[in-house]
Amino acid sequence: MAGARRKARGLALQALYEIDSVGHEIAGVLTHLLAGEGLSVENDAFVRELVNGVIQNKEKIDLNIQNFAPAWPVAQIPVVDRNILRLAIFELLLNNKVPVKVAINEAVELAKTFGSDNSPKFVNGVLGSVSGLVNR
C-alpha cells in the first residue's frame, strides 16, 4: 500500500509540475498522466484529490510557503520544489488524512527522487516549520 501511495504522490507531483510550468488544463493532464498507470481506483482517486486540492487551495498554500521560506519568493523556488511543498502543505494543513511525519517523509522522498541535491534539506526545513501549525 505504501509503495502504491508513494507512486500516486509522484504522479500527483508530475501533474502539478506540468500544470504549473506549462499551464495545461487539469483534467487533460490527469487523463493523460493516469492512462496506463494501472493504479487502483482508490489510488487514482487519491491522485485526483491531491492535484485538485492543491490547485483549489494554491493561494493559501503559497502564502504558507512565503511565510515559512521568506528568503525565497514562491515564483523563484524551483518548480519541482515548489510543487513538492504545495503537495505536502496540502496534506499537512488541509487534507488531514496522513500523520505529519508521513507527509513530511513522503515529500522528502519526492525531493530526493525529482529534485536537486539541495531539495530534500530545503523541503524538510520548510515543512518542519509548517508542521508547527498542525493540530493533530
Side-chain angles (χ1 to χ4, degrees):
M1 179 66 148
R5 284 290 172 144
R6 182 165 291 165
K7 179 180 179 179
R9 283 186 182 90
L11 290 167
L13 174 61
Q14 290 174 55
L16 291 168
Y17 182 96
E18 183 175 338
I19 292 163
D20 191 20
S21 62
V22 187
H24 290 159
E25 292 295 318
I26 299 165
V29 169
L30 287 171
T31 299
H32 171 73
L33 195 63
L34 294 173
E37 283 296 330
L39 294 179
S40 67
V41 172
E42 180 183 322
N43 283 321
D44 185 283
F46 181 59
V47 172
R48 294 174 188 278
E49 175 185 7
L50 292 175
V51 172
N52 286 312
V54 168
I55 299 300
Q56 290 168 2
N57 294 284
K58 192 171 101 171
E59 288 181 26
K60 184 186 296 185
I61 293 168
D62 284 358
L63 186 60
N64 277 289
I65 294 171
Q66 193 60 61
N67 287 339
F68 290 102
W72 288 88
V74 175
Q76 291 180 13
I77 296 172
V79 179
V80 169
D81 295 354
R82 179 171 60 233
N83 284 289
I84 291 170
L85 289 172
R86 286 174 174 162
L87 188 59
I89 290 171
F90 172 72
E91 285 202 273
L92 283 169
L93 300 181
L94 302 166
N95 193 258
N96 300 318
K97 292 185 179 177
V98 296
V100 171
K101 287 183 180 184
V102 171
I104 293 173
N105 183 58
E106 289 295 315
V108 170
E109 290 302 317
L110 287 172
K112 288 178 184 176
T113 301
F114 296 103
S116 70
D117 290 343
N118 298 325
S119 296
K121 186 175 180 180
F122 175 68
V123 166
N124 190 52
V126 173
L127 295 178
S129 297
V130 170
S131 69
L133 299 176
V134 179
N135 297 323
R136 54 185 150 107

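- The same ILVMFWY cluster, assembled from side-chain heavy atoms under 4.5 Å apart, contains both I65 and L133.
- Between F122 and I77 there is a side-chain heavy-atom pair separated by less than 4.5 Å.
- Salt bridge status for E37 with K7: present, with a side-chain N to carboxylate O gap under 4.0 Å.
- The existence of a salt bridge linking E91 and R9 is confirmed by a sub-4.0 Å separation between a basic side-chain nitrogen and an acidic carboxylate oxygen.
- With rounding to the nearest 0.5 angstrom, the CZ atom of F46 is 7.0 Å from the CG atom of N95.
- Residues L30 and A15 approach most closely at CD2-CB, 4.1 Å, considering heavy atoms.
- The backbone N or O of R48 lies less than 3.5 Å from a partner atom in the side chain of N52, making a donor-acceptor pair.
- Minimum heavy-atom separation, A103 to L92: CB-CD2, 3.8 Å.
- How far CZ of R6 is from CG of N43: 13.0 Å, rounded to the nearest 0.5 Å.
- Using a 4.5 Å heavy-atom cutoff, the side chains of N118 and S116 are in contact.
- In this structure, R82 contributes its side chain and V74 its backbone to a donor-acceptor pair below 3.5 Å.
- At a threshold of 4.5 Å between non-hydrogen side-chain atoms, the residues L85 and V130 do not count as touching.
- In this structure the side chain of D81 never reaches within 4.5 angstrom of the side chain of V126, judged on heavy atoms.
- Residues K60 and L94 are in side-chain contact: their nearest non-hydrogen atoms beyond the backbone lie under 4.5 Å apart.
- In this structure, F90 CZ and I55 CD1 are separated by 10.5 Å, a value rounded to the nearest 0.5 Å.
- Annotation: the span from L34 atom CG to D44 atom CG amounts to 5.0 Å, rounded to 0.5 Å.
- Considering only heavy atoms from C-beta on, E106 comes within 4.5 Å of V102 through its side chain.
- When atom types are taken as modelled, the side chain of N57 and the backbone of G53 share a donor-acceptor pair closer than 3.5 angstrom.
- The two residues P120 and D117 have their closest heavy-atom pair at CD-O, 3.6 Å.
- For CZ of F114, the number of neighbouring non-hydrogen atoms (other residues, nucleotides, ligands) closer than 6.0 Å is greater than 12.
- Checking side-chain atoms of S131 against main-chain N and O of G128 turns up a donor-acceptor pair under 3.5 Å.
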For the pair V51 and I19, evaluate side chain to side chain contact (heavy atoms under 4.5 Å, CB included) and give the outcome as yes or no after the intermediate values.
CA-CA 10 Å; V51 172; I19 292 163; 4.0 Å; yes
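- Between G10 and L110 the shortest heavy-atom distance is CA-CD2, 3.7 Å.
- When the salt bridge (charged side-chain N to carboxylate O under 4.0 Å, His left out) test is applied to D62, the partners found at least two apart in sequence or on another chain are R86.
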Could you walk me through whether E49 and K97 pass salt bridge (charged side-chain N to carboxylate O under 4.0 Å, His left out), step by step?
CA-CA 12 Å; E49 175 185 7; K97 292 185 179 177; 2.7 Å; yes
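- Between Q14 atom CD and N83 atom CG the span is 11.5 Å, to the nearest 0.5 Å.
- For A88 against L127, the heavy-atom pair with the smallest separation is CB-CD1, 3.5 Å.
- Both V134 and I89 belong to a single network of hydrophobic side chains, linked directly or stepwise wherever heavy atoms of I, L, V, M, F, W or Y lie under 4.5 Å apart.
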